[in-house]
Amino acid sequence: MAEINVTPMVDVMLVLLIIFMVTAPLLVAGVPVDLPAARAAALQQKPDKPIAVSLDSTGGVFIGDEAVGGDALADRLGALHATNPDTRVLVRADRSLSYGRVLEVMGEIAASGFTKVALVSQPPKRK
């Protein structure tokens, strides 16, 4: 009898398939995190001045210290991008805001053409 017995190979493949089916949903779920606090040290920044986009607790948007409402955000960011496309944008959002609101503003920043966008957090208080 010169046939190859494939039964052990099929058994191993079924076990691997079951393992991957069980672990795949666990990799997608993610872990809940509290984003506003960070333990990382400040990154080395280039000397150019970044654009600060802030969101207060009511959801109001500010570029620097100037309030920007509605569609004016996209227009202002487009004008700033036209003058210097390599400028960094720092997004500062109040802790009480919903994640969706922050993503809406970040989406408008990305749509205006900026590619260097960062979220600003406070370092934890030292004991």
Test of understanding: clusters of I, L, V, M, F, W, Y form through side-chain heavy atoms closer than 4.5 Å, transitively. Do F62 and V102 belong to the same one?
no
Applying side chain to side chain contact (heavy atoms under 4.5 Å, CB included) to I63 and L80, what does each step give before you reach the verdict?
CA-CA 11 Å; I63 295 179; L80 290 171; 4.2 Å; yes
Derivation of the side chain to side chain contact (heavy atoms under 4.5 Å, CB included) call for V105 and R101
CA-CA 7 Å; V105 171; R101 177 65 179 138; 3.9 Å; yes
Spacing of [atom1] belonging to [X] relative to [atom2] belonging to [Y], to within rounding of 0.5 Å:
X    : Y    : atom1 : atom2 : result
L73  : S112 : CG    : OG    : 7.5 Å
I51  : R88  : CD1   : CZ    : 10.0 Å
N84  : F114 : CG    : CZ    : 8.0 Å
S54  : E66  : OG    : CD    : 12.5 Å
T87  : K116 : OG1   : NZ    : 8.5 Å
M106 : Y99  : CE    : OH    : 8.0 Å

Which heavy atom of V89 sits nearest a heavy atom of I109, and at what distance?
CG1-CD1, 3.9 Å
D56 and L97: which non-hydrogen atoms are nearest, and at how many Å?
O-CD1, 3.4 Å
Using the rule given for side chain to side chain contact (heavy atoms under 4.5 Å, CB included), can you reason through V91 versus L119, listing the C-alpha separation, both sets of side-chain angles and the distance that settles it, and then say yes or no?
CA-CA 5 Å; V91 179; L119 293 171; 3.8 Å; yes
Report yes if the side chains of M13 and L17 come closer than 4.5 Å at any heavy-atom pair, otherwise no.
no
